[in-house]
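Keep in mind that this is a model prediction, so the values were computed, not measured. These numbers come from the heavy atoms of this one structure, side chains and all, not from hydrogens, waters or symmetry mates.
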Amino acid sequence: MADLRVNIAGVTFGNPLIAASGTFGFGREFAQFYPLSTLGGVACKGLTLRERAGNPPPRIAETPGGMLNSVGLQNPGVEHFIREDLPWLREQGTAVIANIAGNTPEEYCKMAERLSEAEVDMVELNISCPNVKQGGAAFGTSCESAAAVTAAVRRYCKKPLMVKLSPNVTDIGEIAVAVEGAGADALSMINTLTGMRIDLRTRRPILKNNTGGLSGPALLPVALRMVWQASSRVKIPIVGLGGISTWQDAVEMLLAGASAVQIGTVLFSDPYAPVKILKGLEAYLNQNEIPAVSELTGKVKPW
């Protein structure tokens with residue numbers, strides 16, 4: 001049987017399938033379907049320093065090949081997570097990744113410092129948030145701001161630090177290099193693309209926030225291309241995400257350069273998707289006599 005274990009920045013995952021942040025909550029709802037130990041890890045719902053109500057509805061819209069969301073990081077806050085959710089998660093036999101989001105570098109740093117004292121395995125830094133001190137542009141849209149917030153958080157974060165990159169940039173490879181140089185231990189990519197739908201009857205955007213993040217199968221070719229580009233420019237491991245719905249998608253992402261993958265939007269239509277993906281991945285490895293899943297990483301053969 002193939003060895004499914006992977007190591008990301010010193011953290012061992014039982015297999016390369018991780019539930020993506022924002023699609024799995026804190027895992028309680030999915031635990032009724034299968035043991036969370038089925039997954040290699042859980043990237044928890046994005047946390048902010050204080051409780052956040054999120055954006056007004058409508059904040060979810062279906063679209064061909066995926067969905068748009070502008071949930072707005074609704075969450076109970078980092079202290080509630082540490083007190084109420086983390087103890088339960090720690091008992092589930094899977095790696096725990098805390099995803100953090102902030103509007104200022106100081107907010108990120110406070111959360112990283114607090115989570116460094118908690119029993120999380122890794123911190124995932126969401127840099128797709130607007131920097132309110134710099135005119136509202138997202139931290140992850142320039143090398144300078146991405147590197148600056150990564151370096152600031154690095155000083156306070158004692159856990160392995162994974163930076164989640166935005167695809168809404170000109171050259172994601174440059175951003176990857178910048179955050180690696182600023183101290184990131186790993187990358188997760190890609191976050192959602194900015195999109196929009198319009199109601200023809202009202203002529204208003206379907207989402208109350210006007211625009212939202214596009215996720216789902218439509219993203220897969222873009223995510224593969226970006227992971228492939230970034231993997232040739234950095235030495236740190238990459239966790240690939242964006243449109244993965246099947247085991248074939250997962251294998252493609254690993255071949256493109258990812259060491260592990262995150263599963264997200266497909267969970268809304270099929271909560272058992274990770275079980276099916278894991279079964280297919282294991283069968284593929286065994287049928288092709290590949291002894292370890294880690295041997296797939298970066299093995300694409302460009303023309």
Side-chain angles (χ1 to χ4, degrees), residues 6-9 11 13 15-23 40-41 43 65-66 97 99 122 124-128 138 140-141 143 146 150 160-182 184-194 213-266 273-274 277 281 284 290 292-303:
V6 297
N7 187 285
I8 309 292
V11 179
F13 295 80
N15 63 66
L17 301 190
I18 301 167
S21 176
T23 63
I97 302 171
N99 178 289
M122 181 179 284
E124 184 176 46
L125 180 64
N126 177 5
I127 58 173
S128 294
T141 55
C143 293
T150 301
L161 180 63
M162 180 163 65
V163 180
K164 189 170 187 177
L165 302 188
S166 168
N168 301 303
V169 296
T170 303
D171 185 345
I172 202 164
E174 289 185 351
I175 307 289
V177 170
V179 299
E180 179 184 39
D185 296 308
L187 303 173
S188 57
M189 55 188 293
I190 58 175
N191 210 326
T192 55
L193 284 164
T194 303
L214 175 66
S215 63
L219 244 65
L220 182 64
V222 178
L224 287 169
R225 184 263 297 178
M226 289 188 165
V227 167
W228 176 61
Q229 287 180 323
S231 66
S232 67
R233 300 184 63 177
V234 298
K235 294 181 174 62
I236 56 177
I238 295 173
V239 176
L241 67 151
I244 297 171
S245 304
T246 67
W247 69 263
Q248 292 95 331
D249 299 339
V251 171
E252 281 194 68
M253 187 62 78
L254 295 168
L255 291 171
S259 296
V261 299
Q262 290 187 10
I263 313 298
T265 300
V266 68
I277 293 171
L281 174 60
Y284 172 83
I290 301 170
V293 70
S294 58
E295 293 193 13
L296 290 176
T297 298
K299 292 303 191 294
V300 65
K301 301 175 182 179
W303 297 99

Inset, instruction - Report yes or no: does Q229 contribute a side-chain atom to a donor-acceptor pair with the main-chain N or O of I172 at less than 3.5 Å? - result: no

Legend entry - Smallest separation among heavy atoms of P160 and D185, with atom names: CA-OD2, 3.4 Å

Legend entry - side chain to side chain contact (heavy atoms under 4.5 Å, CB included) between M122 and I18, intermediate numbers included: CA-CA 12 Å; M122 181 179 284; I18 301 167; over 6 Å; no

Inset, instruction - Return the minimal non-hydrogen interatomic distance between L187 and M162, and the atom names on each side. - result: C-CG, 3.7 Å

Inset, instruction - Please tell me if the side chains of D171 and I175 come closer than 4.5 Å, counting only heavy atoms from C-beta onward. - result: no

Inset, instruction - Heavy atoms only: give me the nearest A9-P237 pair and the separation to one decimal. - result: N-CG, 4.0 Å

Legend entry - Gap separating the CG atom of L254 from the OG atom of S259, nearest 0.5 angstrom: 8.0 Å

Inset, instruction - Heavy atoms only: give me the nearest L281-W247 pair and the separation to one decimal. - result: N-CB, 3.6 Å

Legend entry - Shortest non-hydrogen contact between I244 and L220, atoms and distance: CG1-CD1, 4.2 Å

Legend entry - Closest non-hydrogen atom pair between A184 and V163, with its separation: CB-CG2, 3.6 Å

Legend entry - Pair S188-E124, side-chain donor/acceptor within less than 3.5 Å: yes

Legend entry - Spacing of T194 atom OG1 and L214 atom CG [to the nearest 0.5 Å]: 9.0 Å

Inset, instruction - May I have the step-by-step check of side chain to side chain contact (heavy atoms under 4.5 Å, CB included) for I127 and L165, ending in yes or no? - result: CA-CA 7 Å; I127 58 173; L165 302 188; 4.0 Å; yes

Legend entry - Side-chain donor/acceptor of N191 to backbone N/O of L241, under 3.5 Å: no

